[in-house]
Number of protein chains: 2
Amino acid sequence: MEFTQTLRDQELKVTPQRLALLEEIEHAGHIDVDALYAILKMSFPAISLATVYKNVSQMYELKILEVIKVPDRKLQYEIAKAPHIHLACDQCGNVLDMNKCIDELMFSAESESGFKLNHSAVVLNGLCPSCQSA
Amino acid sequence: MEFTQTLRDQELKVTPQRLALLEEIEHAGHIDVDALYAILKMSFPAISLATVYKNVSQMYELKILEVIKVPDRKLQYEIAKAPHIHLACDQCGNVLDMNKCIDELMFSAESESGFKLNHSAVVLNGLCPSCQSA
DNA sequence: AACTTAAATAATAATTTTTATTATTTAGTT
DNA sequence: AACTAAATAATAAAAATTATTATTTAAGTT
Ligand SMILES: [Mn+2]
Ligand SMILES: [Mn+2]
Ligand SMILES: [Zn+2]
Ligand SMILES: [Zn+2]
């Protein structure tokens with residue numbers, strides 16, 4: 001797996017728990033600690049919730065993971081990747097990525113405010129196509 | 001005060017605690033529950049933390065307040081107003097509003113994704129002008 | 001392949017954060 | 001002034017997160 005290298009790069013030991021955690025986050029796309037714990041318990045019945053907490057926090061600090069906040073939900077973790085926009089459906093709960101460039105926005109925000117920016121979080125809420133029909 | 005009318009419009013009783021809470025949020029711009037509680041205790045030594053929690057939650061549901069999440073900080077409440085962008089300084093902690101229009105972004109996100117959007121949250125992080133000098 | 005050691009894990013306790021409960025007080029009405 | 005539903009303060013309970021510690025394990029070394 002490529003996550004083996006990710007962990008080695010950050011000098012974290014490659015444990016089965018960590019690999020499963022990363023693979024599950026990748027598979028889910030965006031997931032909170034509770035859901036992650038519930039899923040990991042299937043393959044690791046003895047896994048501790050504290051291990052999940054510690055690992056996601058640690059990997060967030062090391063920028064292996066990114067975190068997003070959708071209104072009224074717990075923090076959602078995802079594999080860190082290029083900055084992107086999040087679309088969250090209020091009905092079905094789906095969160096999906098949109099690879100829309102926000103460089104222009106960042107750039108103009110910088111020049112207008114004088115800030116030197118290094119991070120962006122954009123979360124848009126509404127109804128996804130299928131929930132509009134239903 | 002104009003917050004008297006705000007509360008009446010939402011059929012909330014106009015209590016001194018609520019008025020002070022709203023005035024302090026307005027004054028602070030963006031503030032979390034703990035800081036709000038600490039400040040309100042100065043004028044209301046007997047105020048309960050649960051009252052602060054209940055009121056901000058209630059006012060958020062009624063859309064009197066809006067909430068924002070700055071990475072690595074507790075939820076910050078503000079008086080609800082027109083959608084705007086948030087700039088947060090990682091050094092000094094300042095959070096300021098930027099009245100930049102994101103309608104174009106919302107509109108193109110809608111047409112590209114098929115979502116029907118009703119809310120946006122944009123938080124940009126970096127260093128404010130004065131923290132860059134220091 | 002066995003040995004060593006620092007790090008990770010599981011179990012658990014403790015802390016922090018948030019919500020629920022209830023008796024008392026109060027705002028808004030009659 | 002009296003009435004009533006809602007708000008508050010105090011407190012308990014629950015939920016979320018972090019800390020502690022004994023045991024296990026990954027990864028390097030012989
Ligand atoms: Mn994403
Ligand atoms: Mn704001
Ligand atoms: Zn949906
Ligand atoms: Zn600053």
Trainee: Any heavy-atom pair between the side chains of B:I31 and B:Q76 that's under 4.5 Å?
Mentor: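 SC-SC contact between B:Q76 and B:I31 ruled out.
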Trainee: I'd like to check A:I64 versus A:D9 (side-chain heavy atoms, cut-off strictly below 4.5 Å). Are they in contact?
Mentor: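 No; the side chains remain at least 4.5 Å from each other.
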Trainee: When the distance from CG of B:D72 to P of D:dT18 is rounded to whole Å, what number comes out?
Mentor: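 Atom-to-atom, B:D72 to D:dT18, this comes out as 11 Å.
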Trainee: State, yes or no, whether a side-chain contact exists between A:R8 and A:K13 at a heavy-atom distance under 4.5 Å.
Mentor: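 Side-chain contact under 4.5 Å: no.
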Trainee: Taking NZ, NE, NH1 and NH2 as the nitrogens, is one of them in B:D32 or B:R73 under 4.0 Å from a carboxylate oxygen of the other?
Mentor: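 Answer for the salt bridge query: no.
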Trainee: Ignoring hydrogens and geometry beyond distance, is a side-chain donor-acceptor pair present between A:Y60 and A:N55 at under 3.5 Å?
Mentor: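 A:N55 and A:Y60 do not have a side-chain donor-acceptor pair below 3.5 Å.
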Trainee: Between P on C:dT19 and CD on B:Q58, what's the gap in Å once rounded to a whole number?
Mentor: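 Roughly 12 Å, once rounded to whole Å.
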Trainee: Nearest of C:dT17, C:dA8, D:dT8 to any side-chain atom of B:Y53?
Mentor: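 Looking only at heavy atoms from C-beta outward on B:Y53, the closest nucleotide is C:dT17.
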Trainee: Starting at CD1 of A:I47 and ending at P of C:dT12, how long is that distance when rounded to a whole Å?
Mentor: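 Nearest whole value for this atom pair: 16 Å.
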Trainee: Taking atom P of D:dA15 as reference, at what distance in whole Å does atom CG of A:L75 sit?
Mentor: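 Those two atoms, CG and P, are 18 Å apart.
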Trainee: Rounding to an integer number of Å, can you tell me how far A:Q10 CD sits from C:dA7 C1'?
Mentor: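 In whole Å, C:dA7 C1' lies 16 Å from A:Q10 CD.
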Trainee: Is any side-chain heavy atom of A:L87 closer than 4.5 Å to one of A:V95?
Mentor: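 Heavy-atom side-chain distance check fails, nothing below 4.5 Å.
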Trainee: I need the OH-C1' distance between A:Y37 and C:dA11, as an integer number of Å.
Mentor: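 Value for this atom pair: 10 Å.
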Trainee: Quick check: on DNA chain C, is the nucleotide nearest A:L49 upstream (toward 5') of the one nearest A:R18, or the reverse? Name the residue that is more 5'.
Mentor: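 Residue closer to the 5' terminus by nearest nucleotide: A:R18.
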Trainee: Round to the nearest Å and state the distance from A:K41 atom NZ to C:dA10 atom C1'.
Mentor: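 That distance rounds to 13 Å.
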Trainee: How would nucleotides 19-28 of chain D be written as a contact map, 5' to 3', with B for base contact, S for sugar-phosphate-only contact and - for no contact, using protein heavy atoms under 4.0 Å?
Mentor: B------BS-
Trainee: What is the distance, rounded to the nearest whole Å, between atom CG of B:L62 and atom P of D:dA7?
Mentor: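 Value for this atom pair: 10 Å.
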